[in-house]
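Here's the structure we're looking at; comments come further down.
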Amino acid sequence: MNRPPMALATAKRAQVMRPSRQIAAYILGGIVAPAIVWSLIRGIAIDAPIALITLAHIFVANMVVWYTLSRLRTYARARLLSYVLPVNLLVFGAIFAANALLRETMSYSLYLSCLGGSVVLSYLVTARIRHANPKLRHIIIPFGDIGEVLRNQGFVQVDKAAELKDLIAGRKITGSIVADLHHDHSPEWERLLAAAALRGVPVYHYRLIEEALTGEVRINHLRENDLGSLIPNTAYRSAKRIFDVVLVLVLSPLLLLTSALIALAIRLDSPGKVLFFQERIGYRGDPFRMVKFRTMGEREVAETTDAQRDDAITQDDDQRITRIGKFMRKTRMDELPQAWNVLIGDMSWIGPRPEARQLAEWYEGEIPFYTYRHIVRPGITGWAQVNQGHVADIDSIQQKLRFDFFYVKNLSLWLDILIGLKTFRVIIGGIGAK
């Protein structure tokens with residue numbers, strides 16, 4: 001399926017420091033320099049067997065760190081500097097754990113030295129790319145619908161064909177051309193767009209650029225040109241299901257211990273059941289029972305549709321939330337039992353957040369194409385959750401849906417990694433909790 005281009009500013013700034021130069025910087029700053037300093041301090045030759053084995057692991061770690069950060073830059077709303085340390089720690093930690101399982105001999109002091117060098121180098125490279133200003137000139141063709149987002153991005157609007165022809169002939173377009181490619185342009189303008197492409201100037205449909213800049217997909221008509229393919233990445237969905245199950249099994253000892261402590265705290269805090277079950281709409285529109293830790297006091301709710309729907313909506317400073325419930329919602333620890341839903345296939349770790357049946361039926365009646373979000377398994381965390389937080393009103397749900405469609409369209413390992421990193425930031429900061 002079609003993948004939107006990089007957010008233009010980030011993508012073109014990256015040209016200031018080409019990939020080959022970035023790799024060279026990682027080798028020098030993340031491997032060679034720390035290794036020389038380590039050798040001088042420890043008095044061990046760099047070509048010693050233990051050093052060579054360790055440096056081989058460090059080289060792999062640095063390349064994975066570089067590649068991961070470079071892929072994360074392709075997405076909007078990626079606070080890259082805040083992800084430098086977590087990515088380095090995760091990559092170096094994973095390779096260290098694998099080495100420990102295989103019981104290979106390595107120098108831990110050299111490994112830690114190069115980890116420090118990689119972190120510093122990662123910050124320097126990311127900051128360089130983020131703050132570079134190569135004076136690009138992006139061109140908008142103002143025919144058809146080019147949206148409001150691009151008008152506020154500093155793009156240059158060209159109204160006359162002769163002006164665009166001169167820019168193309170003089171190779172004065174250092175950025176890209178953005179147009180409504182669904183519009184019925186005159187033959188003259190179509191020839192100019194073709195000529196620009198032949199000269200190597202990227203020509204994008206404005207929707208793709210909006211998506212890359214905002215992290216949202218706006219849909220007016222459910223058609224292939226909007227979503228690339230109505231069936232998201234099939235191969236990755238299968239691999240993702242395997243990963244979901246494996247991760248639940250690996251984390252199960254920690255999840256069981258933590259859940260036992262939380263259950264005890266809930267019992268001591270307020271009367272009622274420890275777990276809360278609610279019917280949600282999930283994969284392919286099928287209902288399922290989602291389980292959470294109870295965060296509200298138990299209450300009687302009338303059987304009417306309006307009463308059930310109002311009870312499903314959490315308000316700001318909701319008085320129904322218990323003391324321990326406020327803490328669990330802020331840290332998202334009330335979601336831990338949903339690992340069971342992940343294990344049995346109702347949910348995934350990452351995906352669009354499932355809504356209560358009453359709310360889903362309401363939204364479906366008010367919002368076109370709402371049910372399309374059910375084409376992937378719902379998640380404990382998701383793209384909308386980490387960018388928008390908890391919402392329930394129709395206007396906010398419209399934006400949430402655009403985030404969900406972006407996730408469905410761009411379903412990939414790298415987007416899931418970004419969401420995972422953002423989730424840690426959300427948990428630490430308590431952002432978007434109610």
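Model, not experiment: these values are computed from the prediction. Counting from 1, the numbers follow the sequence of the chain as shown.
In terms of the ring-ring contact (aromatic ring centres under 6.0 Å, His included) criterion, F277 has no residue partners (sequence neighbours excluded). Scanning for side-chain contact (heavy atoms from CB on, under 4.5 Å) contacts around L52 gives an empty result, with sequence neighbours left out. For the ring-ring contact (aromatic ring centres under 6.0 Å, His included) test, no residue two or more places apart in sequence or in another chain qualifies with W340. For R373, the salt bridge (charged side-chain N to carboxylate O under 4.0 Å, His left out) partners are D404, not counting sequence neighbours. Considering only residues two or more places apart in sequence or on other chains, S259 meets the side chain to side chain donor-acceptor pair (under 3.5 Å) condition with none of them. Take F92 and apply the ring-ring contact (aromatic ring centres under 6.0 Å, His included) test, not counting sequence neighbours, and it matches Y111. The ring-ring contact (aromatic ring centres under 6.0 Å, His included) check on F59 picks up nothing, with sequence neighbours excluded. Not counting sequence neighbours, R280 has no partner by the salt bridge (charged side-chain N to carboxylate O under 4.0 Å, His left out) test. Evaluation of the salt bridge (charged side-chain N to carboxylate O under 4.0 Å, His left out) rule for D269 yields R323 as partners, not counting sequence neighbours. With sequence neighbours excluded, the residues forming a salt bridge (charged side-chain N to carboxylate O under 4.0 Å, His left out) with K240 are D416, listed by chain and number.
A 4.5 Å side-chain heavy-atom check between K409 and E211 finds at least one atom pair inside the cut-off. With contacts defined as side-chain heavy-atom distances shorter than 4.5 Å, the pair L28/L121 does not qualify. In this structure the side chain of D244 never reaches within 4.5 angstrom of the side chain of V248, judged on heavy atoms. Side-chain contact check for L247 versus V342: every heavy-atom pair is 4.5 Å or farther apart. By the 4.5 Å heavy-atom criterion applied to side chains, T322 and M328 are not counted as neighbours. For the pair W66 and P19, the minimum side-chain heavy-atom distance is below 4.5 Å. The shortest side-chain heavy-atom distance between T214 and R402 does not fall under the 4.5 Å cut-off. Annotation: side chain of L192 is not in contact with side chain of I177 (no heavy-atom distance under 4.5 Å).
The backbone N or O of P142 sits nowhere less than 3.5 Å from a side-chain atom of H183 that would complete a donor-acceptor pair. Looking at R353, its side chain never comes within 3.5 Å of a backbone N or O of T381 through a donor-acceptor pair. At least one donor-acceptor pair closer than 3.5 Å links the side chain of S107 to the backbone N or O of L110.
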Using the side-chain contact (heavy atoms from CB on, under 4.5 Å) rule, take E335 and K292 through it: C-alpha gap first, then chi angles, then the decisive distance, then the call.
-> CA-CA 5 Å; E335 314 283 1; K292 301 175 61 176; 3.8 Å; yes
Check against side-chain contact (heavy atoms from CB on, under 4.5 Å), Y83 and T68 | CA-CA 10 Å; Y83 303 139; T68 300; over 6 Å; no
Under the side-chain contact (heavy atoms from CB on, under 4.5 Å) rule, what do D346 and M290 come out as? Steps first, then yes or no, please.
-> CA-CA 8 Å; D346 291 332; M290 191 184 77; over 6 Å; no
Tell me, with the steps shown, if V65 and S122 meet side-chain contact (heavy atoms from CB on, under 4.5 Å).
-> CA-CA 8 Å; V65 166; S122 296; 3.6 Å; yes
Compile the donor-acceptor pairs under 3.5 Å between side chains in residues 29-39 and protein atoms, sequence neighbours left out, one pair per line.
unit_1 : atom_1 : unit_2 : atom_2 : d
W38    : NE1    : S109   : OG     : 2.8
S39    : OG     : I44    : O      : 2.6

Sequence neighbours left out, cut at 3.5 Å: what donor-acceptor pairs do the side chains of residues 94-106 make with other protein atoms?
unit_1 : atom_1 : unit_2 : atom_2 : d
N99    : OD1    : H57    : NE2    : 3.3
N99    : ND2    : E104   : O      : 3.1
E104   : OE1    : H57    : NE2    : 3.3

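Nearest heavy atoms, G420 versus I350: N-CD1, 4.3 Å. Closest approach of W414 to L72, counting heavy atoms only: O-CD2, 3.8 Å. Minimum heavy-atom separation, N410 to L415: O-CD2, 3.6 Å. Closest of all the heavy-atom pairs between V217 and F405 is CB-CB, 3.8 Å. S412 approaches Y75 most closely through the heavy-atom pair OG-OH, 3.0 Å. When every heavy atom of V386 is checked against every heavy atom of I419, the shortest pair comes out as CG1-O, 4.0 Å.
Each of V245, L251, V246 was evaluated against L249; a single residue qualifies, V245, per the side-chain contact (heavy atoms from CB on, under 4.5 Å) test.
Note that the OG1 atom of T423 and the CD1 atom of I380 stand 10.0 Å from one another [nearest 0.5 Å]. In this structure, the separation between CD1 on I27 and CD1 on I58 is 13.0 Å, given to the nearest 0.5 Å. Here C114 contributes atom SG and N88 contributes atom CG; the two are 11.5 Å apart, rounded to the nearest 0.5 Å. Here the OG1 atom belonging to T295 is positioned 8.5 Å from the CD1 atom belonging to I266, to the nearest 0.5 angstrom. Atom CH2 of W349 is separated from atom CG of N341 by 11.0 Å, given to the nearest 0.5 angstrom. Taken to the nearest 0.5 Å, the CZ atom of R18 stands 13.5 Å off from the CD1 atom of I23.
Within a 6.0 Å sphere centred on OH of Y236, other residues, nucleotides and ligands contribute more than 12 heavy atoms.
Remark: the Y108 side chain and the T54 side chain contain no N/O donor-acceptor pair separated by less than 3.5 Å.
A salt bridge links K400 with E355: the closest approach of a Lys/Arg side-chain nitrogen to an acidic carboxylate oxygen falls below 4.0 angstrom.
Seen from the ring of Y283, R377 counts as a face-on cation partner, given the 6.0 Å and 45° thresholds.
Classification of the F406-W383 ring pair by plane angle, with boundaries at 30° and 60°, yields parallel.
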